[in-house]
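Below, read A as the first sequence line, B as the second, and so on, with proteins coming before strands; counting in each chain starts at 1.
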Amino acid sequence: MRQYFRDIFQSVWTILVGMKVTFTHLFTPAVTIQYPDVKLKLPERARNRLYVNMDDCIGCFQCDMACPVDCIKIETVKALPTDDLGLTSTGQKKRLWVTQFDIDIAKCCYCGLCVYPCPTECIKMTDVYEFSEFDRHNLIYNYATVTPAEGVEIKAKAAEYEKEQAAKKAAAAAQAKAAAPAPTPVAAKPSPPSVPPTVPPSDKPTESKQ
Amino acid sequence: MEQFLRNIIDNNFFIYGVMAVVPLLWIVPYALFAVWLERKVSAHMQDRLGPMRVGGWHGWAQTIADILKLIQKEDIVPTAADRKLHFLSPWIVFIGSYAAFAAIPFSSAFIGSNINIGLFYVIAVSSLVVVGILMAGWSSNNKWSLFGAMRSAAQIVSYEIPTALALLAVVMIAGTLNLQEINQQQNGWFWQWYLFRKFPFIFVAFVIYFVASLAETNRTPFDIPEAESELVAGYHTEYSGMKFALFFLAEYANMFAVSAIGSTLFLGGWNSPFGDFLGGPFWGVFWFLSKGMLFVFVQMWLRWTLPRLRVDQLMYVSWKVLTPWAFACILGVGFWMMF
């Protein structure tokens, strides 16, 4: 019987205590952060959207090689001796046209591994994290400063230049051959590197369609 | 009100039609407001914000948007359901809770039906809700629904007893079942209210009534019929669209009905707490509705304070605590009146 009254008293009392607690919480400020209106400051080294400063990019492929998910796609073309691509902010001379620099941010795993090897510190993580899209293909960011049309032109010029050089080399080699047949193997060596730049123009149009 | 209408058009159909619709003009906006308030109260008690965006200021239009969405929703009836009962039950539940408003005095000038057995009628007709709930649970042909409905029936039937006994203590002093007359007897300052008469018997009766009314409206801590962690949603699991909205409306109407009965019997209903200050029929509506809303707020407050009871605890509270204490209150009041 005593326990019965004690139970009743205790339950009434604890309910009142609980009501006091909830009532005080009714007037304590909410902890909610109303996200689109209020944004928390991100930590200094937060890793979000990648950004490439193309003015500094020298087309070295370091970031492409470091990427564990292969979300960076770069294509470069050797600049002609007549072209002046300027210097990077770190003072390096740019020797390559970067005709394509695509980052598929949908694949990106935000590991930041591409940031460290960059010799000119032109690829970096920003604090932008709102970049959702309705179409997945819009998540492929094109950073190249040259337009595709310009890219084709550059490539054509480069191929022409290579051909000229090869022709010159061949002529020189023929001359040399005529003069002295012995050193031809040495002179013929520069011709193999002229082959790779001629290959990309053939498969380039299919790639750029992506 | 009745006399006023009779002066315009002396036609019984017109008069009673208007009188029947008037409480609905309060209940529908009230339900929309109360759902919003419940969400805000729950949020702030948990240090959240609740709805904030719809309509601008603190999401005031959230429930209006919700009801518009519910209207557009597909009305799904399970294939194995009993279609007729499934259709009928939300209406019966709502009618049961709405019919109670017929005998509740909103003001000294407005009462739907000024009958001698008002209180008895209210208690009797609000039991109709159980029928609707059982119907909903059974016709849905769903184990959760049936569980919820059975629990609800068991709960409401057992809690009717302490409710009625607690109200009987007041009726003994008042000597009438007419709610309008009970209100008039409490006229004057707030210490004239029955809550403070025959202290502490009526006060205890009031607490018993309030606890039991929580169980009757299936509110937390007595919400085991719709215990969402065990029974999905209880008896209205299989309802969607406007039928679901009707259940919701009925629940909130019921909340206000029990609050209105509580304020009429214990807190003087439409009487101003300060004698004649701010009295009169129009202020009466204000006092009545604000007293009712106070109880509704306390119901919400309790909901976000207490966890749900177990079934055995629920029965223990009803039969071993509330019922004997309600009898004790009746006896106490009876002896007080004798000597």
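The two residues A:I8 and B:V321 have their closest heavy-atom pair at CD1-CG1, 3.8 Å.
Counting non-hydrogen atoms of neighbouring residues, nucleotides and ligands closer than 6.0 angstrom, the CD atom of A:E133 exceeds 12 such neighbours. Counting non-hydrogen atoms of neighbouring residues, nucleotides and ligands closer than 6.0 angstrom, the OH atom of A:Y35 exceeds 12 such neighbours. Counting heavy atoms of neighbouring residues, nucleotides and ligands inside a 6.0 Å radius, atom OH of A:Y141 exceeds 12 of them. Atom CZ of B:F147 has 12 or fewer neighbouring heavy atoms from other residues, nucleotides or ligands inside a 6.0 Å radius. Residue B:W325 places its CH2 atom among 12 or fewer non-hydrogen atoms of other residues, nucleotides or ligands, all under 6.0 Å distant. Heavy atoms of other residues, nucleotides or ligands lying less than 6.0 angstrom from NZ of B:K73 number 12 at most. B:F203 CZ: 12 or fewer foreign heavy atoms inside a 6.0 Å radius. Within a 6.0 Å radius of CD in A:Q10, other residues, nucleotides and ligands contribute 12 heavy atoms or fewer.
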Verify salt bridge (Lys or Arg N to Asp or Glu O under 4.0 Å) between A:D37 and B:R53, making sure each step is shown before the conclusion. CA-CA 11 Å; A:D37 303 335; B:R53 303 198 74 83; 3.3 Å; yes
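Inter-residue side-chain proximity for A:H25 and B:T305 is flagged as unmet; no heavy-atom pair is nearer than 4.5 Å. B:R48 places none of its side-chain heavy atoms less than 4.5 Å from the side chain of A:V31.
Taking CG from B:L302 and CD1 from A:I15, the interatomic distance works out to 7.0 Å, rounded to the nearest 0.5 Å. From B:Q46, atom CD reaches atom OG1 of A:T32 across 10.0 Å, with rounding to the nearest 0.5 Å. From B:R303, atom CZ reaches atom OG1 of A:T22 across 13.5 Å, with rounding to the nearest 0.5 Å.
Using a 4.5 Å cut-off between heavy atoms, A:F27 does not touch chain B at all. For chain A, the nearby part of B:L306 is the side chain; its heavy atoms alone come within less than 4.5 Å. For A:L26, the parts sitting under 4.5 Å from any heavy atom of chain B are the backbone and the side chain alike.
Put simply, the side chain of B:W301 gets close to the backbone of A:M19: a donor and an acceptor are under 3.5 Å apart.
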